[in-house]
Amino acid sequence: MDDKEKIKNCCLEKEVAPCVSACPFRFDVREFISRVRRGNFNLAYRLYSNAVGFPCVVSELCGEECAYVCPRKHIDRPIGLRMIELAAVAYASNKRPNDYNLPKKNKKIAVIGAGISGLACALRLANKKYDVTVLEKSGRIGGNLWNKLSPDIFLKEIKLQFENEEYELLLNQEVTDIDKITVQYDAVYIATGCKGTDFGLIPGDVENGPVRGSVKGVYLGGEMLGGDTVKAIAEGLETATLIEGYIKTENMQKPHKYLPTRIKLNLSGLKREERIVSANGLYTKQEASAEAWRCIECRCDFCMRSCDMMEYFKKTPKMIEEEVHATIFPGSIDGNGTMATRLISTCNQCGLCKEACPEDIDVGMFLRQSHIAMKKKDAMPWVYHKFWLRDMEFADSGRASFVYAPDTKRHRFVFFPGCQVGGSDPDYVIKPYEFLLEKLPDTALMLMCCGAPALWAGDEPLYKKSCEKITAEWEKLGRPVFIFACPTCMKFFHEYMPEIKDVMLVDRLAELGIDVPEANDSCLVSVFDPCSCRDQTSTHKNVRELVKKTGYSIEPLGHEGKDARCCSWGGQISIANPPYTQWIVKKRISEGKHPYVVYCSNCRDVFAGEGKPVRHILDLLFRLRGWNALPPTFSERRRNREYLKKKLALELAGDRSCETMKPKLIMDVETAAKLNKTKILEDDVLDVISFCEMTGRKLIDEYTGHFTGYAEIEHMTFWVEYALDGDNFRIFNAYGHRMKIELEEVWNGRKQVKDEMR
Amino acid sequence: MDENKSRMKCARCNVELVPAKAHFSYLGHMFHTEVQRCPECGQVFIPESLASGRMTEVETSIEDK
Amino acid sequence: MDKIIRETYSVCPVCGAQIMAQLICTDGCVYMQKRCAEHGDFSTIVWKNNYDLISWYGNVEPISDWKCLYCPRCMEAGLCTNHLNDTCCVLFEVTSRCNLRCKFCFADNHQDIEDLSVNELRIRMYSFVKPGRTLIQLSGGEPTVRDDLPEIVKCAVDLGCRYVQLNSNAIRLAEDEDYVRRLAEAGLSFVFMQFDGMNDDIYIKLCGRLLLNIKKKAIENCAKYGIGVTLVPTVVPGVNTEDIGNILRFAVYSSPAVRGVHFQPVTYMGRIPFVPDDSLRCTLDELIAIIVSQSCGLVMAENLQPSRCDHPLCGFHGDFVVQKDGKLFPLTQKRGDAECCCGSESPAVRNREFVGRRWKRVAGHEAASCCCYQAEKDGDMTDIDYFLDRVKKFGFTITSMAFQDAENIDLERLRMCSLHVYDFKSGKLVPFCAHYLTLRK
């Protein structure tokens with residue numbers, strides 16, 4: 001069963017509370033509790049009365065099946081629901097029954113037995129204005145109630161409930177010939193009570209609940225089937241509905257068989273609270289309210305409590321599935337819906353929901369599949385992931401990508417740092433690799449992207465291509481074990497390329513007995529586990545031991561290890577949903593008051609960007625950046641990766657070809673800030689300049705001597721004002737617009753060829 | 001760049017720019033306006049004031065509130 | 001097969017208690033069905049499926065975990081923490097008196113309540129006006145029964161109101177040109193003019209007077225002093241639903257004096273002659289269908305989009321530019337989130353700026369189209385400057401606001417309301433439909 005099916009069939013959101021499941025009336029306890037809490041006894045009474053028919057009687061006699069299953073029984077005592085019901089009955093100021101202003105119906109129904117079961121059935125049918133006749137053998141109504149309650153109570157109650165209704169009551173009428181009755185009436189309910197006659201109309205075995213008689217139009221129920229008075233009342237009420245169904249459809253419907261609830265509950269964190277005890281057997285209003293507040297409102301909400309996204313959007317997994325379904329398969333004239341596109345792109349896919357769910361439902365995986373489906377239809381907005389896909393392209397391009405195999409016969413290992421680690425700090429690659437080569441000289445190096453951005457963008461074909469490339473290199477190197485610096489790479493390798501064996505860099509460093517330098521400050525820190533590492537318990541341990549060795553003491557976070565939360569990077573959602581991203585980051589930062597030690601470079605950069613003191617484990621092991629270092633800009637990340645490739649290519653492979661690579665861009669601080677703010681990358685600027693220089697299409701300002709030119713890059717057009725500076729370029733300004741310049745192929749006969757990069 | 005004190009020339013053709021019509025498209029709408037263009041090769045010049053001024057106004061008008 | 005589209009909350013039209021409600025699709029239409037424990041079941045039609053309701057809803061989330069027990073009774077407390085939108089416009093009643101007594105009047109005007117002085121009104125305005133950020137609607141009763149209305153306008157402007165709107169039947173604006181001049185000088189931004197149809201039978205039925213020529217004169221006077229006018233028809237089935245095409249054509253013809261038409265399907269609040277049944281309701285989708293069919297090609301359905309600042313079911317909007325040949329050049333298209341720029345401003349602010357720009361007149365008084373409708377050489381809408389100029393001067397909006405009454409009020413919509421009424425008793429801002437909610441007698 002895929003995750004979509006699991007959400008539809010296994011999710012426990014709609015499962016009722018145990019008390020509701022156990023109640024013979026399937027009473028809406030949650031709503032009742034809610035009304036009592038607010039002190040609204042009238043409304044509470046009304047709900048109760050509608051559910052049970054004779055509230056005074058039921059509240060006295062009810063066997064409280066709910067108490068046997070109330071989860072509070074494991075902690076203190078079950079909710080005293082019957083006591084609350086008695087209070088509702090006592091304090092409702094308006095107990096007059098509803099007056100249903102309906103037209104009379106022309107159907108006659110016979111009820112045999114004026115016990116409370118028969119009367120319950122008669123009541124509901126009379127409410128609906130059917131023509132009801134109750135035939136009672138004895139000279140009085142109430143049946144078995146005479147043995148259970150004072151007649152003051154139940155006779156008064158019966159009178160009250162029937163206040164607005166008319167029905168025919170025939171006392172001292174023993175029915176001897178049932179056929180006469182079935183012929184005269186459109187339907188019959190036989191409720192002759194304990195040891196009462198069934199007129200031979202019960203077919204074979206008796207199941208629970210009202211029974212369909214062997215003659216059409218006849219139902220039997222109540223204490224004659226065994227079972228207690230309260231159950232009898234419930235059966236009477238249910239029979240009224242079945243009879244109405246029969247009259248409307250001419251089909252004898254079976255009573256609904258409810259399965260026991262499958263709900264699972266999170267009871268941890270519940271504190272002991274003693275049940276409210278009343279002084280004299282009846283709660284006061286305050287006591288009833290207080291007892292109602294003890295109710296934990298059972299619902300399966302493990303995922304809702306853990307997942308930031310479900311909390312932010314206030315959507316349950318079932319709601320999410322419906323909206324996504326409606327988005328992928330819109331049933332409208334207007335074509336493709338856009339309803340859940342942003343939702344699909346907001347999930348971090350951190351796996352926490354699956355971890356928390358008692359049924360193991362992975363909503364993140366469902367959203368990933370939905371994203372893939374939407375992308376296939378080309379229905380996802382390009383802007384959400386374009387930037388990241390370009391980054392992936394860059395990481396895999398000749399400018400940043402690099403494979404090095406040391407000249408040994410076999411390679412047991414390959415270091416695969418991933419596409420972001422080197423961008424954050426080139427030393428995060430250089431220093432560990434130096435150490436690895438020292439201890440394991442046959443360790444190869446692969447600098448490229450694992451393909452995660454493609455998967456997060458829903459581009460399955462692109463991701464597959466990436467996997468093929470990696471697998472091919474793996475084969476060429478002799479199938480080495482991968483050493484990962486980035487937990488996301490590792491997670492996706494596990495899922496999609498499980499044949500490749502791997503280990504986290506941190507674990508390998510710990511195993512190899514790396515010397516841990518002592519920190520020159522001593523402080524309290526918290527270790528922030530990345531969401532993609534939630535299952536790697538040995539890594540959690542290793543990191544903490546390394547941190548302790550530096551001399552820091554560790555204060556645990558509220559959520560860590562298996563329960564780790566995403567820093568916000570997962571899914572690369574920051575362009576699709578900036579306010580949500582910000583909200584998460586701030587939340588994560590506020591969850592621990594001490595500086596964080598992380599072991600995913602994306603966590604590091606996200607937190608540093610919001611001013612949180614943070615260091616990567618590699619910062620500690622190799623004495624790199626301090627607690628307050630700012631994260632690199634987008635352009636700096638590119639420069640870092642190019643520098644990394646250049647340096648390693650030169651030092652390891654003697655490759656000087658990269659040396660004559662890119663010219664540098666020189667600009668003042670204001671211009672650099674303007675570019676970063678408007679997300680104009682230095683690469684874009686360089687692309688524009690390259691185009692202008694190669695085609696010669698540029699303008700010159702006669703006064704300043706500056707060149708100005710433009711080029712179309714993806715969906716934008718960028719303009720750059722620049723000047724040559726030796727081998728480099730000096731940048732004075734850059735801006736862009738979304739409108740596309742339409743270039744005439746032939747410009748008034750004066751030019752024949754369109755400007756294009758060769 | 002101080003737009004008041006500049007005189008743009010086409011660097012390829014070494015000719016001064018002249019005012020001429022240029023065409024643009026956005027979200028299915030076509031537009032044109034007069035800008036500085038090279039009379040020989042047709043190269044356009046769009047100053048920042050136009051890009052962040054009237055062009056942005058038009059883009060916003062069409063993009064809905 | 002009945003299908004539940006939405007679960008939400010509403011009120012009992014008899015006792016006003018907050019009750020649960022469902023939007024259920026049955027027999028090809030959507031109804032709000034709800035049950036009051038005391039007063040029984042109620043059902044009101046809300047959508048006639050001329051267009052797909054689910055698409056119209058878009059991204060809006062239904063109510064879940066609803067906590068506000070008092071909603072919509074917030075006249076004393078004002079907006080609660082569950083309210084989802086900032087204030088876009090404030091409706092400010094400057095008088096209860098009126099010079100008409102229309103059949104349907106949401107404000108249920110009275111003649112006997114004394115007006116507050118200008119100074120008093122200024123003190124009240126001071127309490128809610130945010131300089132540079134408030135669009136105030138002077139309303140009533142009929143504001144123009146006050147001779148000192150221009151002073152009130154000036155107060156509003158001085159206090160920093162971004163736009164000052166007048167809601168009026170315009171009788172005085174037609175009969176007293178000097179009054180109009182004074183209003184313009186005081187800084188009035190635009191007028192929302194009651195305009196129920198193009199023939200006087202309609203006015204007799206709804207207002208008890210012949211009013212068509214008066215309305216036309218009022219438009220003339222406002223045009224003379226550069227005050228933009230938006231026509232506001234109350235759409236009443238059986239009275240003026242056949243006249244909608246005529247209203248539209250007249251409005252386009254009167255551009256740029258007329259900046260748009262704002263349709264209000266009749267709502268049963270305030271003074272209502274009878275408790276409505278479904279045949280007396282014009283749903284939003286029905287209104288769009290009528291506009292499209294009666295406009296004879298002037299307007300297409302895809303150019304009328306759900307309101308984005310308020311809840312989509314609260315109305316629609318369409319932006320156009322009137323061309324020289326009298327046709328409407330559409331600016332609004334259905335667009336996905338793809339092209340949406342993630343703005344940092346709230347929807348209420350964006351909405352306020354957008355409508356303010358559209359409904360104001362820009363200096364320059366040429367007629368939008370030639371007076372005899374001849375196909376003149378159309379101005380070039382591909383020229384950026386002509387486009388921008390035309391958009392500014394001859395911008396035309398077709399909008400609608402579907403107010404809610406006790407039969408059909410939907411708290412999922414109410415909590416997104418950005419049109420707030422200043423309640424004089426409590427001094428608080430209250431959502432429009434909560435303020436004028438009227439229960440059955």
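Naming: A, B, ... by sequence-line order, numbering from 1 per chain. The structure displayed is predicted, hence computed values, not measured ones.
- Atoms CD1 and CE, from C/Ile384 and B/Met30 in turn, are 10.5 Å apart once rounded to the nearest 0.5 Å.
- Note that OH of C/Tyr386 is 11.0 Å distant from NE2 of B/His32, once rounded to the nearest 0.5 Å.
- Once rounded to the nearest 0.5 Å, the distance linking CZ of B/Phe31 with CG of C/Asp385 reads 11.5 Å.
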Please assess C/Lys392 against B/Glu57 for the test side chain to side chain contact (heavy atoms under 4.5 Å, CB included), listing each intermediate value before the final yes or no. CA-CA 11 Å; C/Lys392 284 193 192 113; B/Glu57 271 186 62; 3.7 Å; yes

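- Between B/His29 atom NE2 and C/Phe329 atom CZ the span is 5.0 Å, to the nearest 0.5 Å.
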Steps toward side chain to side chain contact (heavy atoms under 4.5 Å, CB included) verdict (C/Asp383, B/Lys21): CA-CA 10 Å; C/Asp383 180 306; B/Lys21 212 156 93 160; over 6 Å; no

